[in-house]
Student: 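Pasting a structure below so you can have a look.
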Number of protein chains: 2
Amino acid sequence: MKKTDIFKKLRSSGLRPTKQRVEIAKFLFDREKTFHFTVESLNKLLEKKTTSKFALATIYNTVHSFKNAGHLSEVEVKGNKTYFDTNVSNHHHFYDSETSQLIDIDAKEVVIQKIPKAPNGKKIKNVEVFINLKN
Amino acid sequence: MKKTDIFKKLRSSGLRPTKQRVEIAKFLFDREKTFHFTVESLNKLLEKKTTSKFALATIYNTVHSFKNAGHLSEVEVKGNKTYFDTNVSNHHHFYDSETSQLIDIDAKEVVIQKIPKAPNGKKIKNVEVFINLKN
DNA sequence: TTTCACTTTAGAATCATTATAAACTATTAC
DNA sequence: GTAATAGTTTATAATGATTCTAAAGTGAAA
Ligand SMILES: [Mn+2]
Ligand SMILES: [Mn+2]
Ligand SMILES: [Zn+2]
Ligand SMILES: [Zn+2]
């Protein structure tokens, strides 16, 4: 991902490209594969990868701005922490509770043959498939 | 549900049938349909339905005992509160984020035609389908 | 009726997250 | 440039859900 793309992500999230935000954005978006993380895990990885220190509030604020701009999505996982996902397309997940690891499943990999119709007056917004793993 | 069944649920959870526990168990299990709840919502409903007061710790402890015994399951819902479910069979959910309401979907109502195989060395424990609703 | 294990309870502690307000930094106005 | 201004980071406090703790309550068993 080019530097200009990082800046584009920041600008489109209403964020000016400060040192901290650029480092967070690079870390999140300059990669091949999907990245699933909690604010805590992101903080630890940032500490390792960079020389800077980040206030937790800065990470929370930046991540939320990206999420509100649609550059990050949220994944529901058992437990009390919030998981974020750099894959914002419609997709599904494997979840390995042993390692607390999420693995993406492309929407095309899951075909649903039958699904009930939505209750009175409601429509289906989207369908999420969550596959729990064991050893 | 008969009183003896309530007692059976309590005993099989390692709980002696005290006044509070019996009231919680009756409220949870003596009903036709599935009940989805948070500890907070359960507490409010118990206050309305009964004359007793319940310490939050008592509700937390009792609910967790039921969950550990397999009489309650946990449902992942966006947000910070933990949702419990009196339906412990394999099933799916509609979720209406407007009203924070969960609606059960029987496992038979969903047929999945294609699913990816589990990653190296892992097996599929179960598949959960979550259908988000909109108006 | 005394003992003793188990319960309930109020309140404290914890943990993730959010809010606050002061110190910093960059941008704009003169 | 310097001053004013707007936006940012940060440490720390506040919050809210959940868990822990320790004291008081309850009831079965000796
Ligand atoms: Mn969760
Ligand atoms: Mn949740
Ligand atoms: Zn994902
Ligand atoms: Zn359910």
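All figures in this text were calculated on a predicted structure; none of them were measured in a lab. These values consider heavy atoms only, across backbone and side chains, with no hydrogens, waters or symmetry-generated copies. Each chain gets a letter, A, B and so on, in the order its sequence line appears, and its residues count up from 1.
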Student: Going by the rule side-chain contact (heavy atoms from CB on, under 4.5 Å), which residues pair with A/Glu32 if we only count those two or more places apart in sequence or in a different chain?
Tutor: none
Student: Can you tell me if the side-chain N/O atoms of B/Gln20 get under 4.0 Å from OP1 or OP2 in C/dT9?
Tutor: yes
Student: Taking the side chain as C-beta and beyond, is there a heavy-atom pair between A/Leu102 and A/Thr34 under 4.5 Å?
Tutor: no
Student: Side-chain polar contacts of residues 60-76 of chain B - donor-acceptor pairs under 3.5 angstrom, sequence neighbours left out - could you list them?
Tutor:
{"unit_1": "B/Asn61", "atom_1": "ND2", "unit_2": "B/Ala57", "atom_2": "O", "d": "3.1"}
{"unit_1": "B/Thr62", "atom_1": "OG1", "unit_2": "B/Thr58", "atom_2": "O", "d": "2.7"}
{"unit_1": "B/His64", "atom_1": "ND1", "unit_2": "B/Tyr60", "atom_2": "O", "d": "3.3"}
{"unit_1": "B/Ser65", "atom_1": "OG", "unit_2": "B/Asn61", "atom_2": "O", "d": "3.0"}
{"unit_1": "B/Lys67", "atom_1": "NZ", "unit_2": "B/Glu74", "atom_2": "OE1", "d": "2.6"}
{"unit_1": "B/Asn68", "atom_1": "ND2", "unit_2": "B/His64", "atom_2": "O", "d": "3.3"}
{"unit_1": "B/His71", "atom_1": "NE2", "unit_2": "B/Ser12", "atom_2": "OG", "d": "2.8"}
{"unit_1": "B/Ser73", "atom_1": "OG", "unit_2": "B/Asn87", "atom_2": "O", "d": "3.1"}

Student: Can you sort out which residues in residues 36-64 of chain A have a heavy atom within less than 4.0 Å of DNA chain C? Ascending by number, please.
Tutor: A/Ala57, A/Tyr60, A/His64
Student: Could you tell me how far apart B/Asn80 (CG) and C/dT14 (P) are, to the nearest whole angstrom?
Tutor: 21 Å
Student: Any pair with a residue in residues 78-94 of chain A that passes salt bridge (Lys or Arg N to Asp or Glu O under 4.0 Å), sequence neighbours left out, goes on the list, sorted by first then second residue, please.
Tutor: A/Glu40-A/Lys81
Student: Which atom pairs, donor and acceptor, lie under 3.5 Å between side-chain atoms of residues 124-135 of chain B and protein residues at least two apart or in another chain?
Tutor:
{"unit_1": "B/Asn135", "atom_1": "OD1", "unit_2": "A/Lys122", "atom_2": "NZ", "d": "2.6"}

Student: Counting just side-chain N and O atoms, does B/Arg21 come under 4.0 Å of either OP1 or OP2 of C/dT8?
Tutor: yes
Student: Name all pairs fulfilling the side chain to side chain donor-acceptor pair (under 3.5 Å) condition that reach into residues 45-57 of chain B, sequence neighbours left out, sorted by first residue then second.
Tutor: B/Glu23-B/Ser52
Student: Of all residues at least two apart in sequence or in a different chain, which pass the ring pair (Phe, Tyr, Trp, His ring centres under 6.0 Å) check with B/Phe35?
Tutor: B/Phe27, B/Phe37
Student: Identify the 5'-most and 3'-most nucleotides of DNA chain D with at least one atom closer than 4.0 Å to a non-hydrogen atom of chain A.
Tutor: D/dG7 to D/dA11
Student: With A/His93, which residues qualify under ring pair (Phe, Tyr, Trp, His ring centres under 6.0 Å), at least two apart?
Tutor: A/His36, A/His91
